[in-house]
There are 2 protein chains.
Amino acid sequence: MASDVSRHRRASMREVAEKAGVAMSSVSRVMSGHPDVSPAMRSRVLAAVDELGYEPDLLAQSLRRRETLTVGFVVGDISNPLFAEIVMGVESTLHANGYSMLLTNSLGDPAMEAAHIGLLSQRRVDGLVISVLDETHPETVARLRELEIPVVVLDRTVPGIGVSRVLSNHREGMRDAVFHLLDLGHRQIALIVGTGVRPATERHAGFEEAFAVRGLPRTYAIYEDSFSVEHGTRAMREILDAGNATAVIAGGNQLMLGALRVASERGVELGRELSFVGCDDIAITDLYQPPVAVVRRDNVNMGRTAAELFFGRVRDGAAPKDIELPTEFIPRPSCGPVAE
Amino acid sequence: MASDVSRHRRASMREVAEKAGVAMSSVSRVMSGHPDVSPAMRSRVLAAVDELGYEPDLLAQSLRRRETLTVGFVVGDISNPLFAEIVMGVESTLHANGYSMLLTNSLGDPAMEAAHIGLLSQRRVDGLVISVLDETHPETVARLRELEIPVVVLDRTVPGIGVSRVLSNHREGMRDAVFHLLDLGHRQIALIVGTGVRPATERHAGFEEAFAVRGLPRTYAIYEDSFSVEHGTRAMREILDAGNATAVIAGGNQLMLGALRVASERGVELGRELSFVGCDDIAITDLYQPPVAVVRRDNVNMGRTAAELFFGRVRDGAAPKDIELPTEFIPRPSCGPVAE
DNA sequence: GTGAAAGCGCTAACAA
DNA sequence: TTGTTAGCGCTTTCAC
């Protein structure tokens with residue numbers, strides 16, 4: 001019966017009110033579960049709602065209530081499995097709380113990222129989750145500062161603005177990875193890493209710390225550039241050509257993909273000729289032969305935590321805060337004793 | 001100067017009108033590029049806009065104009081790299097045309113998927129892109145039918161409703177894969193495949209067609225179940241335990257991951273002991289040793305095409321239509337001659 | 001070319 | 001407990 005009518009045209013609240021012979025405000029109260037509603041009124045209204053197949057217009061609600069129940073997520077590259085999993089965590093937590101997610105992909109372009117922030121603000125999102133591409137990009141930082149809504153930053157350091165952050169403890173995972181390699185006798189270790197954002201600097205720091213903690217000289221080499229597959233391949237080629245490193249750590253999943261590609265191409269036998277550690281436990285790592293040791297973290301949980309930080313601010317009125325999540329080094333056969 | 005003020009509070013169009021000493025309608029005309037605006041008016045208004053840091057409220061615009069410039073994307077599992085790439089294609093095309101994307105993830109649950117359709121409809125999206133989980137789920141089909149906006153379905157057959165579709169020609173890619181294996185002498189070929197949705201039925205059909213075209217008896221085995229990693233592992237174990245298949249095709253990237261995991265665990269040497277073909281050219285396939293032959297397609301382009309089909313309907317007023325995109329078999333060393 | 005006024009669909013005082 | 005009223009911020013007739 002309801003479907004019979006609803007197929008025709010969308011009913012408005014006014015029509016429901018007319019059909020039920022009550023005021024619009026009463027319909028509104030019934031729909032939003034207001035306590036002061038008599039059972040009689042309630043059923044009158046619900047009957048009309050059912051008959052007309054009425055569904056509230058969330059757009060109009062948003063305009064009037066001055067909240068959209070919508071959060072913007074600005075991601076740098078959705079095709080990166082790391083972000084895909086974070087998106088999953090964010091979306092499911094938002095949805096479980098009645099919120100929707102506007103997703104924008106900035107394709108690695110900081111200017112586009114800044115524009116996205118502005119667009120989402122104009123769309124009146126109630127909050128923003130973002131993994132800033134460049135922590136020092138002036139326009140991005142300025143836009144974030146001007147936002148009057150809770151902002152959650154993913155694993156980035158954006159100085160001078162009050163935002164919540166979910167951070168990974170890259171440093172510890174990286175240190176453990178290096179310790180593992182040192183224990184296996186490696187001293188000439190190469191690190192392929194990104195630059196300009198927190199995961200890069202933290203991994204870099206953890207890497208060097210490990211040598212320092214052990215009181216070892218700096219017999220390592222660091223290949224620092226973008227977080228791209230290309231940098232991974234380029235650096236790996238240089239490392240193999242130089243020929244003195246006995247172990248390589250790729251500090252990022254795209255870097256790992258690039259490095260592994262070169263290893264495969266050149267037929268380098270990981271774990272014997274060269275030890276290897278990656279970051280982020282994506283699908284290849286335990287399928288590769290030999291399985292690849294990684295510094296792992298729970299990406300879905302990162303997303304979930306980001307959404308929770310948002311709710312903490314918007315619902316509980318809490319102040320911005322940081323939450324640090326652990327990383328864990330997973331030894332696998334791609335690491336072996338240093339070859340003679 | 002502009003930023004000095006805008007930091008305070010969001011300015012409304014009314015405030016702009018007051019500051020400029022003109023009517024709101026004039027501000028509106030300037031903002032939306034209406035032709036009948038004198039240069040004088042234009043600059044008066046823009047000066048006020050700049051001074052107040054005014055940015056139009058897209059929410060209010062949407063309510064009044066009765067269009068949100070927003071498209072909903074209902075995805076079954078965003079952590080699947082296939083969908084991540086499609087999302088990328090959809091989002092970038094939408095954004096290039098001034099639209100935003102509301103993304104929902106239904107976690108493989110048809111009931112949740114149906115609910116998402118309803119929610120997005122209430123949010124008044126102008127269109128919907130969806131890769132239906134279950135082509136026959138009555139509630140989902142009913143909801144899609146009731147929608148009054150353009151719907152684009154990704155690689156699914158949803159009977160009885162007028163939607164645009166972007167389809168992959170799985171059949172051809174699969175046939176070529178089987179031909180390749182047949183040419184290598186394989187006859188006992190196992191197919192691990194999903195069920196209930198177009199990619200499954202098409203791959204299944206293409207597989208059987210290849211044998212039929214060659215006039216060969218049905219010396220194959222088909223393992224049909226969900227599109228999950230688990231089905232991939234389970235089926236692969238059964239196939240290896242049965243011990244008569246000389247080649248395996250996994251008809252889906254998750255199925256491929258499961259199957260490859262078993263192959264790795266058991267130390268099966270692909271291309272020699274057992275030939276193997278996967279679907280979807282995800283990151284592992286050419287890193288695996290040996291590199292894995294696959295039936296490939298352009299996922300980002302699928303997303304782009306979906307968005308274009310939406311624009312075709314909403315802008316050009318075109319009727320719903322289907323676009324079929326090719327798939328391509330990529331031979332790699334995971335396929336070899338049948339072992340003696 | 002510009003302004004006044006009505007209203008998109010809803011909510012929230014306030015009054016009854 | 002219910003109804004009346006005044007908007008949320010914008011666009012769009014319709015006069016002038």
Side-chain angles (χ1 to χ4, degrees), chain A residues 6 9-46 48-49 52-70 98 119 121-126 148-149, chain B residues 6 9-46 48-49 52-70 98 119 121-126 148-149:
Chain A
S6 69
R9 208 182 42 73
R10 253 202 272 272
S12 72
M13 181 177 280
R14 198 175 44 69
E15 295 172 82
V16 175
E18 278 168 10
K19 166 139 281 175
V22 301
M24 271 182 66
S25 49
S26 293
V27 179
S28 174
R29 279 188 280 256
V30 169
M31 293 309 290
S32 51
H34 191 99
D36 294 353
V37 174
S38 70
M41 172 66 83
R42 164 166 229 80
S43 55
R44 277 181 74 85
V45 168
L46 289 181
V49 163
L52 295 173
Y54 170 70
E55 293 187 323
D57 184 323
L58 262 29
L59 209 59
Q61 256 185 358
S62 297
L63 182 62
R64 184 55 235 240
R65 290 187 172 157
R66 335 210 79 224
E67 69 175 349
T68 55
L69 303 186
T70 290
L119 176 63
S121 159
Q122 281 190 256
R123 288 206 180 274
R124 300 299 181 252
V125 295
D126 295 340
E148 291 157 334
I149 50 173
Chain B
S6 68
R9 211 185 37 74
R10 254 201 272 271
S12 71
M13 182 176 278
R14 197 176 43 70
E15 296 173 84
V16 175
E18 278 168 10
K19 165 137 280 175
V22 302
M24 271 182 65
S25 47
S26 294
V27 179
S28 175
R29 278 187 281 255
V30 170
M31 293 308 291
S32 52
H34 190 101
D36 294 353
V37 173
S38 71
M41 171 67 81
R42 163 167 232 79
S43 54
R44 276 181 75 85
V45 168
L46 290 182
V49 163
L52 295 174
Y54 170 70
E55 294 188 323
D57 184 322
L58 263 30
L59 208 59
Q61 254 184 359
S62 298
L63 182 63
R64 184 56 234 240
R65 289 187 174 158
R66 337 210 75 221
E67 70 175 345
T68 55
L69 303 186
T70 290
L119 175 63
S121 159
Q122 281 191 257
R123 288 206 180 274
R124 301 299 182 251
V125 294
D126 295 340
E148 291 157 334
I149 50 172

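Remember, predicted model here, so these are calculated numbers, not experimental data. Just so it is clear: chains get the letters A, B, ... in the order the sequence lines come, proteins before strands, and each one is counted from 1.
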With sequence neighbours excluded, residues passing salt bridge (charged side-chain N to carboxylate O under 4.0 Å, His left out) with B:R124: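 Residues passing salt bridge (charged side-chain N to carboxylate O under 4.0 Å, His left out) with B:R124: A:D57.
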List the residues meeting side-chain contact (heavy atoms from CB on, under 4.5 Å) with [X], not counting sequence neighbours, and say none if there are none.
X	result
A:R29	A:S25, A:S26, A:H34, A:V37
A:S43	none
B:R64	none

Once you round to the nearest 0.5 Å, how far does CE of B:M24 lie from CE of B:M13? 6.0 Å
Return the set of residues passing side-chain hydrogen bond (donor to acceptor under 3.5 Å, both in side chains) with [X] (not counting sequence neighbours), or none when no residue passes.
X	result
B:S28	none
A:S12	A:E15
A:T70	B:R123
B:R14	B:E18

Contact string for nucleotides 9-16 of chain C, one letter per nucleotide 5' to 3', B = base within protein heavy-atom range under 4.0 Å, S = sugar-phosphate only, - = neither, reads BBBBB---
Using five base pairs at each end to define the local axes, how bent is the helix from C:dG1-D:dC16 to C:dA16-D:dT1, to the nearest 10°?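 For the helix from C:dG1-D:dC16 to C:dA16-D:dT1, the axes at opposite ends meet at about 40°.
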The correct set of residues in residues 33-43 of chain B placing a heavy atom under 4.0 Å from DNA chain C is B:D36, B:V37, B:S38, B:M41
Heavy-atom distance under 4.5 Å between the side chains of A:L58 and A:L69, does that happen here?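 With C-beta onward as the side chain, the pair stays apart.
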